[in-house]
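These notes are about the structure you will find just below.
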Amino acid sequence: MAGFSQFFASQQSRNERLAAISAPLRHPEEVFRTADRGKGLDAEAAASLFAAAGRDQNCRIEIQAAANRVREHWATKTVEFIIPVYLASFCQNECLYCGYRRSNPIAERIRLGLADFERQLDLVLSWGHRQIELVLSDDPEFGAETLARYVAATRRKLEALGGGVVALCSPVYQQEDYVRLREAGLDWVVEWQETYHRSHYDRWHFAGSPKRNFDSRLDLWDRVIPAGITKIGMGVLLGLYDFRYDALAVIEHGNYLRRSYGIEPHALGIPRLKPARGVLASQKPSRFTVSDDDFRLVVSVYHLAFPTSRLFFNTRESYDLNISLVAGGDLFTVDCETLPGAYLRRHLPGQFSTHDYPPRREVLARLEQRGLAGKYLTEETPCEIALPAPAPAAALDQKRWRDQHAQVRARLQDWEMALDRLSNNGAQALERQAADASLREILEFLKTVLTSHCRQEESELFPAFHPDAEVTSKLAAFRADHERFGVDLDKFERQMVSYGLSRDPTVLLTLGARMIREMRAHLEAEEQLWSSLKGHNV
Ligand code: SF4
């Protein structure tokens with residue numbers, strides 16, 4: 001049987017046209033009447049809503065009201081809780097929007113062994129979670145057969161507690177792998193197409209990455225469903241291309257699944273591109289950045305187009321935004337760590353930035369006030385697994401942190417001198433070569449020693465500070481600096497390549513001077529904070 005890629009090849013330009021229409025092809029009232037019947041929408045109807053919404057705030061309010069009405073009528077009065085448990089952060093892909101891309105120098109690489117994974121699992125199960133989403137990067141050491149052992153362990157533990165659901169967000173596999181995973185106890189598969197726009201997909205996924213195979217990804221559900229897994233979670237990463245185009249493609253794909261297999265998508269992802277450490281593409285707005293208003297519009301259109309599917313609300317978005325949009329029948333994440341093993345450590349940066357949420361019981365109560373029952377979040381039970389103790393005395397050892405700062409300062413000085421040598425236009429070839437070599441060495445040092453120092457500080461030193469408002473905001477600023485340093489180091493490395501070709505050092509000099517200035521200011525600000533804290537050794 002031909003897969004979705006073959007069908008979509010003939011739809012891509014139509015989709016492009018529909019995404020660009022400026023006047024609706026159907027009146028919104030007519031679209032609402034269609035949606036009221038609970039059978040969803042076709043791409044033309046959805047495109048009409050996007051066109052009508054334009055900048056018309058009243059129309060957007062009407063669309064949201066219609067979406068709420070349709071959900072009230074067709075969806076259940078429950079909201080399902082789901083918690084991600086990351087297994088690995090090693091990755092062979094170069095997705096430019098992701099903190100775990102292969103070449104990101106500041107990503108922390110972890111692969112959880114089965115025993116460590118089970119300890120994480122015991123902890124989140126003790127919190128009452130009964131819907132577990134196993135998440136892993138494209139780690140070549142972590143094939144489907146290995147993964148099946150983690151799925152089976154999750155299934156076993158859930159069954160021992162009265163049952164639950166196992167979901168998976170992973171690299172894409174072959175049909176026989178999904179059969180194996182289903183047999184191990186997997187219930188449903190979550191996979192985002194990222195973007196349905198072929199040339200933009202190629203831009204975001206570097207050549208040589210296994211994930212660059214656009215058609216194979218498009219045909220994923222044509223492998224998963226015949227493997228016997230009929231609950232599928234589909235969607236795009238909003239912000240990689242025009243959101244209207246991508247949302248319409250998701251609707252096309254959902255309608256294809258209805259026609260071909262007679263199933264509704266189990267879930268629809270609404271992840272929006274968010275900052276990630278060391279990811280340049282995620283740090284600044286682009287013409288595809290999706291505003292909060294447009295995000296609300298996409299949620300409403302999905303609610304109308306898939307009246308019984310679960311929209312997957314996640315902690316990339318603020319709690320206030322998500323709680324204002326979630327409807328009956330949706331999925332909701334309250335606890336989320338995106339670094340493998342992080343539930344048993346302290347809150348640490350992982351694949352992307354997440355927001356802090358209120359305690360899960362408070363969220364549950366808020367939903368109940370709206371007449372929505374929480375599902376897959378049961379009573380908490382005592383857990384014998386010890387959460388991390390406050391930072392040990394060694395973490396507060398002043399000498400250790402100051403020595404590391406001194407090391408970094410010395411390399412910043414070397415860096416300044418190497419840039420000085422480059423700025424001398426009349427420099428001889430030999431001198432230029434020496435400056436080049438020195439810059440490469442310094443860059444390597446900063447990518448390893450500086451980034452490791454930043455990570456250690458965040459996990460060992462920062463939690464030791466008393467979290468009053470002033471300190472919390474300073475530590476948040478330091479974390480943001482660490483994130484930016486990773487991006488800048490990446491940028492500087494790319495500029496070294498350009499310089500190697502052009503021999504014009506201008507950009508390298510400006511960028512380097514700024515980075516040195518900012519790193520010095522950062523070191524100083526951290527030391528000021530340490531010395532202002534009474535009762536701490538740092
Ligand atoms: S999105 Fe997934 S495959 Fe791509 S770099 Fe990140 S973890 Fe790897």
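No experiment lies behind these values; they were computed from the predicted model shown. Residues: numbered from 1 along the sequence shown. When a ligand or atom number is given, it counts from 1 through the structure's own listing order.
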For atom 3 (S) of ligand 1, the closest protein heavy atom turns out to be Asn93 ND2, 3.4 Å
among protein heavy atoms, the one nearest atom 4 (Fe) of ligand 1 is Cys95 SG, 2.3 Å
Can Arg217 be said to sit on top of Tyr196's aromatic six-ring, NZ or CZ under 6.0 Å from centre and within 45° of the ring axis?
no
The atoms of ligand 1 lying under 4.0 Å from a heavy atom of Ser137, numbered in the order shown, are 7 (S)
Per-atom filter on ligand 1: closer than 4.0 angstrom to a heavy atom of Arg101 are 5 (S)
- Message: Is a donor from one side chain sitting under 3.5 angstrom from an acceptor on the other, for His197 and Asp242?
- Response: no
Give a yes-or-no answer on whether the side chains of Asp219 and Ser5 include a donor-acceptor pair shorter than 3.5 Å. yes
Exercise for review: For the residue pair Trp204 and Glu94, confirm or rule out a side-chain donor-acceptor distance under 3.5 Å.
Suggested key: no
Under 2.8 Å: N/O/S of Cys98 next to atom 6 (Fe) of ligand 1 = yes
Checking heavy atoms under 4.0 Å, the part of Arg102 that sits near ligand 1 is neither
For Cys91, the ligand 1 atoms with a heavy-atom partner under 4.0 Å come out as 3 (S), 5 (S), 7 (S), 8 (Fe)
* For Glu317 and Asn322, does a side-chain donor sit closer than 3.5 Å to a side-chain acceptor? -> no
In this structure, atom 1 (S) of ligand 1 is nearest to the protein heavy atom Lys211 NZ, 3.5 Å
Any side-chain donor paired with an acceptor under 3.5 Å for His205 and Asn93?
-> no
